[in-house]
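When a ligand or atom number is given, it counts from 1 through the structure's own listing order.
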Amino acid sequence: MTEPERESMEVDILYVGAGPATLASAYHLMKQVEAHNEACEKTGEAPIEPPTILVIEKAAGIGDHQLSGAVMNPRAMKELMPDFVEQGFPTEYVVEKDYFWLFTRKGTIKSPITPPMFKKRGYHVISLSNVVKWLGEKCEEVGIEIYPGFAGAEILTEGDRVVGVRTGDMGIGRDGKPKTNYQPGMDIIAKCTILGEGVRGSMTKQLIDRFEMHGQNPDTYETGIKEIWRVKPEKHQPGRVVHGSMFPDFFGQINGMWLYDMKDNLVSFGYVTPLSSENPNN
Ligand SMILES: Cc1cc2nc3c(=O)[nH]c(=O)nc-3n(C[C@H](O)[C@H](O)[C@H](O)COP(=O)(O)OP(=O)(O)OC[C@H]3O[C@@H](n4cnc5c(N)ncnc54)[C@H](O)[C@@H]3O)c2cc1C
């Protein structure tokens, strides 16, 4: 197939992936420029033009790929946006009670002491999807553009310099051939390209391979399950967070469970264990 004609656009800063990391970064950058320009009014220095910032997101809607509920330390949000609560941050509950339980084969030991790493009072129980949707709105309010439905497919380079990203072609059939609605991906040229694809990002991998950036800390993997149950109202305990560890070996291997209550009588719980875990039934 001959190389199709592609549209291209230029921006100052391009973020790939609309997760909490990139949206917070883009918002912070715009606020820094705003603060600088406000200071210029007092000092008489010339203000700078706000940069054009674009965030591309492969999900059809912002927040659609964030599956995580979370018990979030609000410190970073306070630093990013001191009045985040007043601005409508989508907190489900603020944690009031934190527990640590040890599960044995036959029962549960409810620890009278909660170890420091599991102390979560004052943390915010959130749906990350809702937080990302909300952060996206805040970004748009300060002039950041977000394009959902655009997946970065290829890093564009000039020599050893990253100059942007090519988005994926649309309308390709399962046989790999273009369909009638075929639309070639677009080249987005940027002065600065920031990859925020989350874990196992496909373009991040391209970049790591190409520039030999395999570091001292390779990825590590665990196995986990998570379920969300709707419970009877009398079983629902807003503001409760439980962490725990399970048999057969509480301390010899790092495994753990969580449980916390969300709105609408929902309870999120799950368990994570290393791939090297032994079968507890052995
Ligand atoms: C089940 C579960 C429970 C968790 N619980 C907690 C918790 O309690 N507390 C806590 O702090 N953290 C928790 N986490 C971790 C937390 O979700 C992540 O640390 C966080 O989402 C990472 O943010 P990020 O912005 O780096 O990436 P992500 O949130 O992964 O965002 C990356 C975005 O980039 C998009 N993207 C990827 N590749 C491309 C591409 N090529 N082009 C365009 N877009 C792309 C993705 O669609 C996604 O929207 C949990 C995670 C899971 C899965």
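- Of the protein's heavy atoms, at least one falls inside 4.0 Å of atom 2 (C) of ligand 1.
- Inside a 4.0 Å radius of atom 25 (O) of ligand 1 there is at least one protein heavy atom.
- Remark: minimum distance from atom 44 (N) of ligand 1 to any protein heavy atom is reached at K58 N, 3.1 Å.
- Taking the charged nitrogens against the carboxylate oxygens, D169 and K179 have no contact shorter than 4.0 Å, which rules out a salt bridge.
- Using a cutoff of 4.0 Å between basic side-chain nitrogens and carboxylate oxygens, K133 and E137 are not scored as salt-bridged.
- When every heavy atom of C40 is checked against every heavy atom of P47, the shortest pair comes out as SG-CA, 4.1 Å.
- Ionic pairing of D98 and K119 is not present here: no N-O contact between side-chain nitrogen and carboxylate oxygen is shorter than 4.0 angstrom.
- Between I144 and V55, some side-chain heavy-atom pair lies under the 4.5 Å cut-off.
- Taking any N or O of F150, backbone or side chain, none lies under 3.5 Å from an N or O belonging to ligand 1.
- Judged by distance alone, with hydrogens and angles left aside, the side-chain atoms of D264 form no donor-acceptor pair with the main-chain N or O of L266 at under 3.5 Å.
- Within a 4.0 Å radius of atom 15 (C) of ligand 1, the protein contributes no non-hydrogen atoms.
- Looking at heavy atoms from C-beta onward, M9 lies out of side-chain contact with I189 at the 4.5 angstrom threshold.
- Less than 6.0 angstrom separates the ring centroid of H124 from the ring centroid of F84.
- Looking at atom 21 (O) of ligand 1, its nearest protein heavy atom turns out to be L128 CD2, 3.2 Å.
- The pair R210-D160 meets the salt-bridge criterion, with a side-chain N (NZ, NE, NH1 or NH2) lying under 4.0 Å from an Asp/Glu carboxylate O.
- The K226 neighbourhood of ligand 1 comprises atoms 1 (C), with distances under 4.0 Å to a heavy atom of that residue.
- Backbone and side-chain nitrogen or oxygen atoms of E197 are examined, and one is located within less than 3.5 angstrom of a nitrogen or oxygen of ligand 1.
- Near V16, meaning under 4.0 Å from any of its heavy atoms, are these atoms of ligand 1: 40 (C), 42 (N), 43 (C).
- For ligand 1, the atoms closer than 4.0 angstrom to any heavy atom of V71 are 7 (C), 8 (O), 9 (N).
- In this structure, atom 33 (C) of ligand 1 lies nearest to the protein heavy atom E57 OE1, 3.6 Å.
- The nearest heavy-atom contact from the protein to atom 4 (C) of ligand 1 is S68 OG, 3.2 Å.
- Among the atoms of G69, some N or O lies under 3.5 angstrom from an N or O of ligand 1.
- In this pair, F103 and W101 present their aromatic rings perpendicular. The plane angle is above 60°, beyond the 30 to 60° band.
- Between atom CE of residue M170 and atom CG of residue N181 there is a gap of 10.0 Å, rounded to the nearest 0.5 Å.
- Contact atoms of ligand 1 toward H65: 47 (O), 49 (O) (distance under 4.0 Å to a heavy atom of the residue).
- Looking only at protein heavy atoms, the nearest one to atom 29 (O) of ligand 1 is Q66 NE2, 3.0 Å.
- Closest protein heavy atom to atom 42 (N) of ligand 1: G152 N, 2.9 Å.
- Across the listed options G198, G224, S202, G198 owns the non-hydrogen atom lying nearest to atom 30 (O) of ligand 1.
- The environment of CD in E86 is crowded: more than 12 heavy-atom neighbours from other residues, nucleotides or ligands sit within 6.0 Å.
- In summary, the atoms of ligand 1 found under 4.0 Å from a heavy atom of A151, numbered by their order in the structure, are 42 (N), 43 (C).
- Nearest non-hydrogen protein atom to atom 22 (C) of ligand 1 is P20 CG, 4.4 Å.
- Those atoms of ligand 1 with a heavy atom of G196 less than 4.0 angstrom away are 32 (C), 33 (C), 34 (O).
- Atom 12 (N) of ligand 1 has as its closest protein heavy atom A70 CB, 4.5 Å.
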Ring pair (Phe, Tyr, Trp, His ring centres under 6.0 Å) between F269 and W229, worked out
CA-CA 8 Å; F269 66 97; W229 284 18; 5.2 Å; yes
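- In this structure, A18 has a heavy atom closer than 4.0 Å to ligand 1.
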